[in-house]
Amino acid sequence: MREIVRLLGLLLLLEGVSGAIDRVAVQPFMSVLLNFFNRVVVERLDVLTGYELFANLALAALGGLLLVASRSGART
């Protein structure tokens, strides 16, 4: 279970950072995979209009928190 949380955290971190880079400057590197949140989810939510960069940075922060949480749990 810890490895799944770690993998999910890494994916969220990479997607958030990639989306933030894509908002500031066009980023062609693995754009289909790493910019899914930025180009599909953020574009369809009207609540995030004007806050796209912050949404991507929040996603990266959530991914970082998952990575930290997966490392600091009790060992089984």
Side-chain angles (χ1 to χ4, degrees):
M1 184 69 177
R2 181 183 306 255
E3 295 300 321
I4 294 172
V5 172
R6 187 175 294 157
L7 182 65
L8 182 63
L10 180 63
L11 180 66
L12 291 178
L13 178 71
L14 289 175
E15 279 200 22
V17 169
S18 176
I21 291 171
D22 191 46
R23 283 290 164 186
V24 175
V26 177
Q27 188 222 13
F29 179 71
M30 294 184 67
S31 62
V32 174
L33 177 67
L34 291 179
N35 287 333
F36 178 79
F37 178 77
N38 185 37
R39 295 187 180 175
V40 175
V41 176
V42 172
E43 295 294 327
R44 292 186 182 175
L45 293 176
D46 292 333
V47 174
L48 297 176
T49 302
Y51 299 102
E52 296 90 355
L53 181 62
F54 297 114
N56 284 301
L57 292 175
L59 184 70
L62 178 65
L65 286 174
L66 282 176
L67 283 172
V68 170
S70 71
R71 293 179 145 241
S72 64
R75 301 271 179 201
T76 56

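Hydrogens, waters and symmetry mates play no part in the numbers below; they use all other heavy atoms, side chains included.
One finds the CG atom of Leu14 at 6.0 Å from the CG atom of Leu34 (value rounded to the nearest 0.5 Å).
Residues Arg71 and Arg2 fail the side-chain proximity criterion, which asks for heavy atoms closer than 4.5 Å. Taking the side chain as every heavy atom from C-beta outward, Leu67 and Arg6 approach each other to under 4.5 Å.
In the hydrophobic cluster analysis, where Ile, Leu, Val, Met, Phe, Trp and Tyr join through side-chain heavy atoms closer than 4.5 angstrom, Leu59 is grouped together with Leu66. Put simply, Val17 and Leu8 are part of two different groups of oily side chains (I, L, V, M, F, W, Y) that touch within less than 4.5 Å, one to the next.
When hydrophobic side chains of Ile, Leu, Val, Met, Phe, Trp and Tyr are connected at separations under 4.5 Å, Val24 ends up clustered with Leu53, Leu57.
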Indicate every side-chain donor-acceptor pair of residues 40-50 with a distance under 3.5 Å to a residue at least two apart or in another chain.
| unit_1 | atom_1 | unit_2 | atom_2 | d |
| --- | --- | --- | --- | --- |
| Glu43 | OE2 | Arg23 | NH2 | 2.4 |
| Thr49 | OG1 | Asp46 | O | 3.0 |

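Nearest heavy-atom pair across Ser70 and Val5 is CB-CG1, 4.0 Å. The two residues Leu13 and Gly64 have their closest heavy-atom pair at CD1-N, 4.2 Å. Of all heavy-atom pairs spanning Leu12 and Gly63, the tightest one is CB-CA, 3.7 Å.
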Check against side chain to side chain contact (heavy atoms under 4.5 Å, CB included), Glu15 and Asn56: CA-CA 8 Å; Glu15 279 200 22; Asn56 284 301; over 6 Å; no
